[in-house]
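Working notes, beginning with the structure itself.
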Amino acid sequence: MTSKKALFPGSFDPFTNGHLNTVERASTMFDEIIISVATNTSKQALFTPEEKKRLIEQATSHLPNISVCLQSFGLTVEQAKQLDAQFLLRGIRNHQDFEYEKSIAFMNKQLNESIETVFLLADEQYSSISSTMIKEIAKFNGDISKFVPQGVNQAIKEKLI
């Protein structure tokens, strides 16, 4: 029996409690989940890829079947193939996320027929959390502690001081 391995790609700038909740729930469905930290070139990053990787490793350290890597391949489906991941894991907060992710999933399937995308709906309490909003709240010294893991909260405070 082959192990079920999922790749969870994203820019994770920052990694939120919504991301963490998705990973925690998916960790019971897959034998292994690899979180792939990518760079979103259309946004100004708060953290370097290495900082994001370290913060995610810290936030997921209680989950034995989770690892974190930096995306070193151009296409996510190519990275999944290199890592022998059969699934792409994606979190969905709302209908806009669904429409966007559905288009990507269809394209990924055309690029690699053996990859399946698995969508997990965000728990209601995380459905309005976005990394962009968290950074905006933090810039104005708002309390983001209920939106991000403790280590991420501390790292954001240190970055913005």
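Note that these values count all heavy atoms, side chains included, but never hydrogens, waters or copies made by symmetry.
M107 CE: 12 or fewer foreign heavy atoms inside a 6.0 Å radius. Within a 6.0 Å sphere centred on CD of Q96, heavy atoms belonging to other residues, nucleotides or ligands number more than 12. More than 12 heavy atoms of other residues, nucleotides or ligands lie within 6.0 Å of NZ in K5, so this atom counts as buried by the packing criterion.
Considering every non-hydrogen atom in both A6 and A85, the closest pair reads C-CB, 4.3 Å. A pairwise comparison of heavy atoms in V152 and V148 identifies CG1-CB, 3.8 Å as the closest pair. The shortest non-hydrogen separation linking F12 to S36 is CE1-O, 3.5 Å. Residues N153 and S145 come closest through the heavy atom pair ND2-CB, 3.6 Å. Residues A26 and L89 come closest through the heavy atom pair CB-CD2, 3.5 Å. Looking at every heavy atom in both residues, G91 comes nearest to F8 through N-CE1, 4.2 Å.
Note that CD1 of I33 and CD1 of I66 are 4.0 Å apart. Values are rounded to the nearest 0.5 Å. Within the model, atoms CD of Q86 and NZ of K81 stand 13.5 Å from one another, a figure rounded to the nearest 0.5 Å. Rounding to the nearest 0.5 angstrom, the gap separating the CZ atom in F87 from the NZ atom in K4 is 7.0 Å. Note: M133 CE to I144 CD1 = 12.5 Å, rounded to the nearest 0.5 Å. Atom CD1 of residue I129 and atom OG1 of residue T132 lie 13.0 Å apart, to the nearest 0.5 angstrom. Within the model, atoms CG of L88 and CD1 of I115 stand 4.0 Å from one another, a figure rounded to the nearest 0.5 Å.
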Pair V118-F30, side-chain contact (heavy atoms from CB on, under 4.5 Å): steps then yes or no: CA-CA 11 Å; V118 176; F30 297 100; 4.0 Å; yes
List the steps, then state whether side-chain contact (heavy atoms from CB on, under 4.5 Å) holds for M29 with L120. CA-CA 11 Å; M29 300 174 199; L120 288 184; 3.7 Å; yes
Which is it for F106 and T117 under the side-chain contact (heavy atoms from CB on, under 4.5 Å) test, yes or no, and what are the steps along the way? CA-CA 9 Å; F106 287 153; T117 301; over 6 Å; no
Stepwise side-chain contact (heavy atoms from CB on, under 4.5 Å) check, H62 with E24: CA-CA 9 Å; H62 63 289; E24 287 174 336; 2.9 Å; yes
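Pairs engaging residues 87-101 under the salt bridge (Lys or Arg N to Asp or Glu O under 4.0 Å) rule: R90-E101, R93-D97, E99-K102 [sequence neighbours left out]. Residue pairs meeting the salt bridge (Lys or Arg N to Asp or Glu O under 4.0 Å) criterion with at least one member in residues 116-135, sequence neighbours excluded: D13-K135, R25-D123, K109-E116. Within the structure, every pair that satisfies the salt bridge (Lys or Arg N to Asp or Glu O under 4.0 Å) test and touches residues 139-160, not counting sequence neighbours, is listed here: E51-K159. Residue pairs satisfying the ring-ring contact (aromatic ring centres under 6.0 Å, His included) criterion with at least one member in residues 135-154, sequence neighbours excluded, are absent.
In this structure S67 satisfies the side chain to side chain contact (heavy atoms under 4.5 Å, CB included) test together with E32, I34, sequence neighbours excluded. With sequence neighbours excluded, the residues forming a side chain to side chain donor-acceptor pair (under 3.5 Å) with K53 are E57, listed by chain and number. Scored by the side chain to side chain contact (heavy atoms under 4.5 Å, CB included) test, H95 finds no partners at all (sequence neighbours excluded). For the side chain to side chain contact (heavy atoms under 4.5 Å, CB included) test, no residue two or more places apart in sequence or in another chain qualifies with T28. Checked against side chain to side chain contact (heavy atoms under 4.5 Å, CB included), E50 has the following partners two or more places apart in sequence or in another chain: T48, L70. Judged as a side chain to side chain donor-acceptor pair (under 3.5 Å), and not counting sequence neighbours, S61 has no contacts.
I35 places none of its side-chain heavy atoms less than 4.5 Å from the side chain of C69. For the pair Q71 and T76, the minimum side-chain heavy-atom distance is below 4.5 Å. Put simply, the side chain of P14 reaches to within 4.5 Å of the side chain of I134, judged on heavy atoms. Within the 4.5 Å cutoff, no side-chain heavy atoms of V23 are placed close to those of I56.
Judged by distance alone, the side chain of N21 and the main-chain N or O of A122 form no donor-acceptor pair under 3.5 Å. In this structure, the side chain of N108 does not engage the main chain of V77 through any donor-acceptor pair within 3.5 Å.
Looking at H19 and T16, their side chains do bring a donor and an acceptor atom within 3.5 Å of each other.
Hydrophobic cluster membership for L121: I92, F98, F119 (Ile, Leu, Val, Met, Phe, Trp, Tyr linked by side-chain heavy atoms under 4.5 Å, directly or transitively). Through side-chain heavy atoms spaced under 4.5 Å, either directly or across other Ile, Leu, Val, Met, Phe, Trp or Tyr residues, I104 is tied to Y100.
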